Amino acid sequence: MLIVAYHYLSFLLPLGLRKSSLFTIEPFRPVFVIPWPIHLLLIMSLVSLPLRAVRAQGGRHLHGTVADSATAAPLVAAEVSVSWGGEPIRTRTTRTDEAGRFDFRDLPAQRVAMRVRRLGYAPVERVIDLSRQDVLLRLVMSQQSISLQSVDVQADTLVDALERVASMNSLDAAALNAMRGQTLGETIKNLPGVSVIQLGPSIAKPVIRGLNSQRVLVLNAGLRQEDQQWGTEHAPNLDSFDADAVTVVRGAATVLYGADALGGVVRVDHALVPDTGAMHGDLAVNTFSNSRQGALSLSVHGGGLQLPLIGRTGYRLRLTSRVAGNGAAPDYFLNNTGFRELNGSATFGVQREWGTSELLLSRFATELGVLSQAHAGNFDDLQRAMMSPPRDSSFSYDIDNPNQQVSHTTARWRNTFLRDDGSEVEVVYGLQYNHRREYDGHGPLRFRNEAAFNLKLFTNSLDVRWKHAPWNGLYGTVGASAQLQGNQTLGKAFLIPGFDLRQGALYAQEEWSTGRVSITGGLRGDLISQTTLEFADAGIRSEAGSRSWGGFSGSLGTAVRIGDAWNASLRLARAWRPPTVNERYAQGVHHGTAQYELGQADLAAERSLGVEASLRYGGPTLSLDLATYQNAINNFIFLQPREPVFTLRGAFPAYNYAQTNARLRGVELAASWSALEWLQLTANVNAVRGTNRANGQPLYDMPADRALLQARVVGRNQQFGAWHIGAGATLVRQQDGVPEGTIYTLPTDGYALLSAELGGTSAMVFGREMDVSVSVNNALNTRFRDYLSRYRLFVNDAGRDVVLRVRVPIGD
């Protein structure tokens, strides 16, 4: 079946990048004429069984707590109702007790609609899936008087089975609103186990438990983000405003998501478009003092659109623009680090008794400068740039060479079919086109408007998942995925060759639970083929060739609920990852990192065996999450520094890809305490150690130990709404765990950064209700260089940044 699915996609979704053994098309002329009628028939054949509403079964337990989102205090006497069924609809109602608890027993094993109401708070509506197991919820309500329409949030069904045994953290819409306008990496960098590779103010790439790039998968709206993410300066090309929740899965999740989820997964989730209701939306305006950035995002959504042959249709539209100039260190500007960004998305969907269907169209486009001080014309200039602060320093919105221009276009069609036996089938088709152009700061192309790198990546993917009904006490998901990808290399300079990539996979994730114990296991098989195209120009000789890999991933975990507040889990995961094209064939200057890279064609696939344990406590005022892990990775691929090189494009630090056997160990602690009704204290601590098992030396590019401490005073009044005042500190230890004889990655000093915040939700400003906040990052304008900053050899990191965020609701 795996091989059939693998070759089926190759025929169904041609990319036309070369003369292939599977199909013949003129080279470098991509074909996007997808046979939609055939596509639809094939998809519907997978779900041709009768599609009716889910049939109720009994015996489920739904319970939890309700708290104030600003103070975390339990809410007493909140009305909680649960509804289910078809004709007639059945409803049960209760009220929360003095601890904010609610409890429903003997509910049907199906999806139920839940509604929580309390005077002075916005209602909360959720769709809860009880088909597999009992559910424990911790809900928060916002103190606001605006009227909100019903919104059903569609979670990723794949992650359900991981929630009790994997280390996970989520940011909901309220938490995201406090950080809108930043990159995805900046948004999640304060979560346990997460750090970022930073390149000035415009690029931040997630690092999870010491792993990044191709080992961390970004899942955007249920679709794998495929945007040439192999470079450390290639940040995910998505709009941070266009998300309703972000979840980080720490540790290998390859069984459910694929071989490139070796380190973890960042899930960007979107709510289902509304089924009914008039137009609503919001306008968000952000300003950042450090780079003088302005960000504006407008969103509207509703459910009253009537389309021919379709009928009632929901919609959500968003347009976002960001413009920034040069970022600033405490003593000077970071020349040529401004950026411009314009993004848009449109989503249309229907919700019927048979299920849901949703079409998403989006485009992300950015132009961003690359630090000019990092691009030197000769060895003397390179030495001077690394030894002394920049001499030319000024603010400007202009973007000069070197720079990058990147666009990413996505079409995603997601269908969920509910069957009368309680099972569910999901079919997701995705089409993505990424275009990256990079322009030189030195060399023969410096004064010509001609890209040194001109890369076009085309990706077609198809995923089919069956969330089956309970069978002998087992609940789970069985799925198949296939992907066909092609990359064109059209620029005047060479870094990687053009390539075709084909992938096919089958997987299953199952869970068995009884009482307080649950056991989760999964298995996945992947077949991956990589074909590189010949490149012979400008002294570079890269021959055509094909190579295939196959392998299995597996995981086994157990979780034990100890009382009502404690939960312990243990998980063992086996994963693997084949080398990417850049790791095998890179030969040239990587613009964003300003470094020369040299690949190794005969790299072997990485194979890892990891174990992690966690202990969690969730009480009414205190929550704790402690996790520890060890991950042994054979054939670990890394960039090894070598002597600088001089090219026609300048002088650059140089690195080559190498392999070793590695071990990564770490510990993560997150805690939150509502010490008083008006005082909230939070902390998280991360430490990771990477070791080269061949020589006992530390690994390159491991994050430094980090602690985040925050205190917040909260309250509420008529003028400022639900207000808060807070202060925090980020403490980073000196990174002295670097290999002996390192040329470029010298130890970086430890540092401490202070921050402050002030804001109000549903505050009255000029007679209108809105959310307003002001925050200050690096409040003392501290000089520092983070070990994971790719510009640490040349300049300090960003100085003080004052951020103003205003969000204005649109509609009633």
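Please read these numbers as outputs of a predicted model, since none were measured by experiment.
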**Q** To the nearest 0.5 angstrom, please state how far the CZ atom of F364 sits from the OG1 atom of T410.
**A**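 So the CZ of F364 and the OG1 of T410 are separated by 11.0 Å.
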**Q** Is it true that Y433 and F458 have ring centroids separated by less than 6.0 Å?
**A**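 Judged by ring-centre distance (under 6.0 Å), Y433 and F458 do meet the cut-off.
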**Q** So S481 and R524, side-chain contact (heavy atoms from CB on, under 4.5 Å) or not? Walk me through it.
**A** CA-CA 11 Å; S481 66; R524 179 187 182 99; 3.4 Å; yes
**Q** Begin with the C-alpha distance, continue with both residues' side-chain angles, and end with the deciding distance and a verdict on side-chain contact (heavy atoms from CB on, under 4.5 Å) for L296 and L283.
**A** CA-CA 7 Å; L296 184 146; L283 174 66; 4.1 Å; yes
**Q** Let's go through Y429 and N415 carefully: what are the C-alpha distance in whole Å and the side-chain angles of both, what is the deciding distance for side chain to side chain donor-acceptor pair (under 3.5 Å) to 0.1 Å, and is it a yes or a no?
**A** CA-CA 9 Å; Y429 168 72; N415 299 275; over 6 Å; no
**Q** Do we see a donor-acceptor contact under 3.5 Å between the side chains of D242 and N343?
**A** no
**Q** Checking side chain to side chain donor-acceptor pair (under 3.5 Å) against T320, which of S299, S345, S297 comes through?
**A** S297
**Q** Determine whether the side chains of Q485 and T459 contain a donor N or O and an acceptor N or O closer than 3.5 Å.
**A**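 Yes.
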**Q** Tell me the closest heavy-atom pair linking P236 and V218, and the distance in Å.
**A**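 Shortest heavy-atom contact: CG-CG2, 4.0 Å.
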**Q** If I compare all heavy atoms of L223 with all of G430, which pair ends up nearest, and what's the gap?
**A**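 Closest pair (atom of L223, atom of G430, distance): CD1-CA, 3.7 Å.
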**Q** Which residues pass the ring pair (Phe, Tyr, Trp, His ring centres under 6.0 Å) test with W466, sequence neighbours left out?
**A**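 W466: ring pair (Phe, Tyr, Trp, His ring centres under 6.0 Å) contacts with H468.
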**Q** May I ask you to test the F348-L305 pair for a side-chain heavy-atom distance under 4.5 Å?
**A**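 Yes, at least one pair of side-chain atoms sits under 4.5 Å.
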**Q** Roughly how far, to the nearest 0.5 Å, is the CD atom of Q483 from the CG atom of L462?
**A**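 Result: 11.0 Å between the selected atoms.
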**Q** What verdict does the side-chain contact (heavy atoms from CB on, under 4.5 Å) test give for L603 and I637, after you've listed the backbone C-alpha separation in whole Å, the side-chain angles of each residue and the deciding distance to 0.1 Å?
**A** CA-CA 8 Å; L603 291 174; I637 301 172; 4.2 Å; yes
**Q** Do you see a donor-acceptor pair shorter than 3.5 Å between the side chains of R584 and Q530?
**A**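 Yes, because at least one side-chain N or O of R584 sits under 3.5 Å from a partner of the opposite role on Q530.
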**Q** For residues V248 and V194, determine if any side-chain heavy atom of one lies less than 4.5 Å from a side-chain heavy atom of the other.
**A**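 Yes - at least one pair of side-chain heavy atoms lies under 4.5 Å apart.
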**Q** Just by distance, with hydrogens left out, do R267 and N220 show a side-chain donor and acceptor under 3.5 Å apart?
**A** no
**Q** Looking only at heavy atoms, which two atoms of R577 and A259 are closest? And how far apart?
**A** CB-O, 3.7 Å
**Q** Please tell me if the side chains of Q351 and P274 come closer than 4.5 Å, counting only heavy atoms from C-beta onward.
**A**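 SC-SC contact between Q351 and P274 ruled out.
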**Q** For I208 versus G251, what's the shortest heavy-atom pair and its separation?
**A** CG2-N, 4.5 Å
**Q** Assess the residue pair T347 and L359 against the criterion (side-chain contact (heavy atoms from CB on, under 4.5 Å)); give the C-alpha distance rounded to whole Å, side-chain angles, the decisive distance to 0.1 Å, and a yes or no.
**A** CA-CA 6 Å; T347 307; L359 176 66; over 6 Å; no
**Q** In sequence, state the C-alpha distance, the side-chain angles, and the governing distance for R465 and T477, and then conclude on side chain to side chain donor-acceptor pair (under 3.5 Å).
**A** CA-CA 7 Å; R465 304 160 187 156; T477 299; over 6 Å; no
**Q** Answer yes or no: is there a side-chain heavy-atom contact under 4.5 Å between D269 and V246?
**A**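 Result no, sub-4.5 Å side-chain heavy-atom pair not found.
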**Q** What I want to check is whether the side chains of Y507 and D526 have a donor and an acceptor closer together than 3.5 Å.
**A** no
**Q** A243 and V268: which non-hydrogen atoms are nearest, and at how many Å?
**A**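 Minimum heavy-atom separation between A243 and V268: CB-CG1, 3.5 Å.
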**Q** If you compare all heavy atoms of V428 against all heavy atoms of G222, which two are closest, and at what distance to 0.1 Å?
**A**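 Nearest heavy atoms, V428 then G222: CG1-O, 4.2 Å.
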**Q** In the structure I gave you, are the side-chain heavy atoms of E426 and K467 within less than 4.5 Å of one another anywhere?
**A** no
**Q** Among R437, R436, H435, exactly one meets side chain to side chain donor-acceptor pair (under 3.5 Å) together with N454. Which residue is that?
**A** H435
**Q** Just by distance, no angles: are the side chains of N582 and Y657 close enough, under 3.5 Å, to form a donor-acceptor pair?
**A**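 On atom types as modelled, these side chains qualify, holding a pair under 3.5 Å.
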**Q** Which residues pass the side chain to side chain contact (heavy atoms under 4.5 Å, CB included) test with A575, not counting sequence neighbours?
**A** A252, T254, L262, S608
**Q** Do L211 and F636 have side chains that get closer than 4.5 Å, going by heavy atoms?
**A** yes
**Q** Who pairs with A295 by side chain to side chain contact (heavy atoms under 4.5 Å, CB included), at least two apart in sequence or on another chain?
**A** F241, N286, Q293, R322
**Q** Would you call E358 and R412 a salt bridge, taking side-chain N to carboxylate O under 4.0 Å as the test?
**A**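 Salt bridge between E358 and R412, a charged N being under 4.0 Å from a carboxylate O: yes.
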**Q** In chain order, what residues pass the ring pair (Phe, Tyr, Trp, His ring centres under 6.0 Å) check against F638, with sequence neighbours excluded?
**A**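 Expected list: Y700.
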**Q** Roughly how far, to the nearest 0.5 Å, is CG of N487 from CD1 of I496?
**A** 5.0 Å
**Q** Going from OG1 on T366 to CG on L368, what distance comes out if it is rounded to the nearest 0.5 angstrom?
**A** 4.5 Å
**Q** Strictly by salt bridge (Lys or Arg N to Asp or Glu O under 4.0 Å), give each pair with a member in residues 208-229 just once, sequence neighbours left out.
**A** R209-E612, R209-E668, R215-E606, R224-E226, R224-D260
**Q** Is it true that the side chains of W549 and S529 contain a donor and an acceptor less than 3.5 Å apart?
**A**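 Judged by distance alone, the side chains do not pair up.
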**Q** How about Q225 and L219: do any of their side-chain heavy atoms sit closer than 4.5 Å?
**A** no
**Q** How would you list, by chain and number, every residue that makes a side chain to side chain contact (heavy atoms under 4.5 Å, CB included) with L342, sequence neighbours excluded?
**A** L319, S321
**Q** Side-chain contact test, heavy atoms from C-beta onward, threshold under 4.5 Å: evaluate it for E583 versus Q600 and give yes or no.
**A** no
**Q** Atom CZ of F499 and atom CZ of R547: how far apart are they, to the nearest 0.5 Å?
**A**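 Between atom CZ of F499 and atom CZ of R547 there are 15.5 Å.
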**Q** Please round to the nearest 0.5 Å and tell me the distance separating atom CG of D701 and atom CG of N212.
**A**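 So the CG of D701 and the CG of N212 are separated by 7.5 Å.
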